[in-house]
Structure formats: C-alpha cells, structure tokens
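Worksheet: the structure to be examined is printed underneath.
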Amino acid sequence: MRIVLQNDSGRAIYEQIAEQIKDAIMKGDLQPGDPLPSIRALARDLRISVITTKRAYDELEAERFVESIQGKGSFVATQDSAMMREKRLHTIESRLSEALLEARLMGLAYEEIERMLRILWEE
Amino acid sequence: MDTVLDIKGLRKEYKTFALKDISFSLPRGYIMGFIGPNGSGKTTTLKLIMNLMKKDGGEVSVFGQDNIQFERQIKQRISFVYDESVYYEQLPIRAMTNIIRPFYDKWDQAKYEDYLKRFELDEKKKIKELSKGMRTKYALALALSRHAELLIMDEPTAGLDPVFRRELLDILQDILQEEQNSILFSSHITSDLDRVADYITFINSGEIVFCEEKDQVFERYTLVKGGPADLTPELSNQLIGLSRRDTGFEGLAIGHPQGEGLVFEKPNLEDIMFYHTKGAQHGR
C-alpha cells in the first residue's frame, strides 16, 4: 500500500490518508477482503499520531470503504459496483464543475471549452 | 475510556510560583505531549505525579489508584525519566545498573542489553564521563527495560541531537504498539510532538491553557499575517498574541478571521505556545 503525506498541502493528514486508501480501492490496487495495517502499525509507519490514523479509518468506515472486525482488524469492504460507479461519477462531475466555474470567471465560450476537452481526451 | 492518569485540582505553592488547580487526564494507549515555556510548572507537575514532593491540594490518580496511598504498586508500573542526572557520578554504568535493577519486579535484562547496544553505551564508562545525550540514553535504557505501562519523561529530547531525537520518537511509537502502554512527555521542543502526539496539554505560568486532542488544537487556530495597515482594531481584538514589525505583523487567531490582503497559515505547536505566552505577557 502506498501512502505519501504532504505536510504543507493545506489538507488535514487524516484526509490525505483516507483519500489515498480510497484511490487504491477504486483503482483495484486494494481488493475487497484485503487487510489494512492496524491503526497503531500505520501510525508508527507514517510517524503520526494514533488518533489521526484512527480518524482516517473511521472516515473510511463511515463511507463503507472499509470494515472493522473487533479483535481482527480492518479490511477492504466488498464494494457495491453500482454505488462505486455513482461515487466516481460524482467525483468527475464535481471536478468538471470546478473547471467550468474557472472558465466562466475567465469568460470562455462553451465552444472553447469543448475544443479544450476534445484535445485533452485525445491525448 | 480507560484513563491511566487523572489529575484534579492539583496545587503547589512556592514563594514566587504556584501551580494553580491544574486538572488533566491521559487515556490509556496514547502519547500526550506536555508543553509550556521554561518555568511554567511542567517539572513540578511531573514530580507531584511521582510523589517526589508534597502537594498542597488536589488529587492524582494513576491506573485508577491514588498516587500516594498506592505509591509502591503504582511505581512498579511507571517509568520516570528525569531531566537531571540522578545517578552516582563515580560509578561505571554496569555498577549503577546493578544497584537499580533489584528495585524493579519486571526487569528485562535482555531488553536492557539490546538498548545499551542500540544506544552505543559502554557499560565500563563512568556516569561522570557521559555527555548530556549519553546520560539521557542511559536513563532511557533503564526506563524502557522494565515493562512499564506508563512512561513519563521530563524533557527527554533536550540535549539530544536531531538524529537521535527522531530515533527516540520511533522507539516511543514502538512502545505504543502495545495498546495498554501510554506516554506522557514534557518538552519545550515542540517539533518533536507536532506529529506523533495524540494529546497536547499546554501549561503556562502554573495554569493549564488547554488539554485536548492535538488535531483539534491544530484545527482551532490560524496564523494570520499582513502588512502594517492590515491590522484593524477588530482583527487585533481577535488575536491571542501578536508580533508587530515595521513591515507587518503576525498573530495567532482562533477560527479564521476575514480581511483583505491577509495571509493565513496553519500554525505549529511552537507558534501556538509562543503567541499564548506572549499574549499573556501583554495582559491579554
């Protein structure tokens, strides 16, 4: 599992951990049933506090990416593929809206955006 | 939650300094950083926990038991690393350890020898020949070799070079792999605690400023910077501490103030400690 933390990114450490584990699950690098390191082991590995690590796992659990079994540890949860797709669509939508907002502020025309999108798509 | 250390209304009065009704607690399984400027009462508090001096009021309970009534039992389960050297200067390490060892029920000789090797300590060297850093390492080797559940350290990183300070933090995290172990660690070098501490207790002039999860502390404060003209009276009122220069100002705020031309940053523990202390000096 790959987790790289950035101290000055402006994003909380627990968010960075949760985000990177989520990405690994969505990309399939982590499969349902795969064990995650224990909270304490991961905290030591990343040299961060136990509470920060626990918060990342709590968030992953709340979003059903991960399930914890008392006394056994945390595992990648079985992903509902329809829900996964929904989540990913939502991510794409929100990032596109962000880009569009920026474009509107600049006063770009729709055609210009479309051209830009096509070029990027064909890259 | 299971609490290993619970302090309520602890008081100690000296002629020129007083510990005023301090209260805080440490849940089992975590590291707490105990921070504050020199002379704020850190060592006094730790010594009162260890019953090394007489308190003037309040209660200290360790593992749920009164620290004076159950002193003997409790001390078998605590390791205390002093800020000052408490060993016989004339003795070599080996002889000193032979004197200390019988006091501990759960002494682990193999572990002790591992630490001596890891810390590159020569058993034949006399205590007086050890540098400040070596003394701290020796104290740590003793403290870590007796299966204590609560490790209390008074300024353990003072006098250590950055390389060993990092190694010490790794060792502390190793200890915390066992969920029943907890650590209370006083320091004025806050960079050691910025990452690994779970809880921060901040003491200033004998009073607790806060005791809470480190992440919550970081979320609450914002470091604000701006040019000389950006410091409006409203903004000034929102700042806990302020430092002005000819070219501008920097201050610590709770929450996130608004204002044009301002620059915001996440403070570290040193910023938080500095501005609280400075603010207090200015009567705020």
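Every chain is numbered from 1, with letters handed out A, B, ... down the list of sequences.
Below 4.5 Å, heavy atoms of chain B meet no heavy atom from residues 116-123 of chain A. Using a 4.5 Å heavy-atom cut-off against chain B, the contacting residues of residues 38-53 of chain A are A/R40, A/A41, A/A43, A/R44, A/L46, A/R47, A/I48, A/S49, A/V50, A/I51, A/T52.
Using a 4.5 Å cut-off between heavy atoms, B/E219 contacts chain A through its side chain alone, with no backbone atom that close. Both the backbone and the side chain of B/L176 come within contact range of chain A, judged by heavy atoms closer than 4.5 Å. When heavy atoms are compared at a cutoff of 4.5 Å, B/D194 does not approach chain A at all. Proximity to chain A (any heavy atom under 4.5 Å) is restricted, for B/E213, to the side chain, taken from C-beta onward. For B/D215, the part lying near chain A is the side chain, with the backbone staying farther off; criterion is any non-hydrogen pair under 4.5 Å.
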- Output, in order, the C-alpha distance, side-chain angles, deciding distance and verdict of side-chain contact (heavy atoms from CB on, under 4.5 Å) for B/K111 and B/L144. CA-CA 8 Å; B/K111 212 166 193 180; B/L144 299 173; over 6 Å; no
- Message: Checking A/L30 against A/L36 for the side-chain contact (heavy atoms from CB on, under 4.5 Å) test, could you report, in this order, the C-alpha distance in whole Å, the side-chain angles of both residues, the deciding distance, and whether it holds?
- Response: CA-CA 9 Å; A/L30 283 173; A/L36 293 179; 4.0 Å; yes
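Under the salt bridge (Lys or Arg N to Asp or Glu O under 4.0 Å) criterion, B/E250 pairs with B/K225, sequence neighbours left out. With sequence neighbours excluded, no residue forms a side-chain hydrogen bond (donor to acceptor under 3.5 Å, both in side chains) with B/Y115.
Classification of A/K54 and A/D58 as a salt-bridged pair holds, one side-chain N sitting under 4.0 Å from a carboxylate O. Between B/K42 and B/E155, at least one side-chain nitrogen of the basic residue sits less than 4.0 Å from a carboxylate oxygen of the acidic one, meeting the salt-bridge criterion.
Checking B/N204 against B/S40 by side-chain atom types alone, no donor-acceptor pair falls below 3.5 Å.
Formation of a donor-acceptor pair under 3.5 Å by the B/Q65 side chain with backbone atoms of B/I74 is not found in this model.
For the ring-ring contact (aromatic ring centres under 6.0 Å, His included) with B/Y199, the lone residue among B/Y30, B/F24, B/F185 that qualifies is B/Y30.
Atom CG of A/N7 is separated from atom NZ of B/K266 by 13.5 Å, given to the nearest 0.5 angstrom.
Contact record, A/T78 with A/P32: CA-CB, 3.9 Å, taken as the closest heavy-atom pair.
Annotation: B/F119 is in aromatic contact with B/F164 [ring centroid separation under 6.0 Å].
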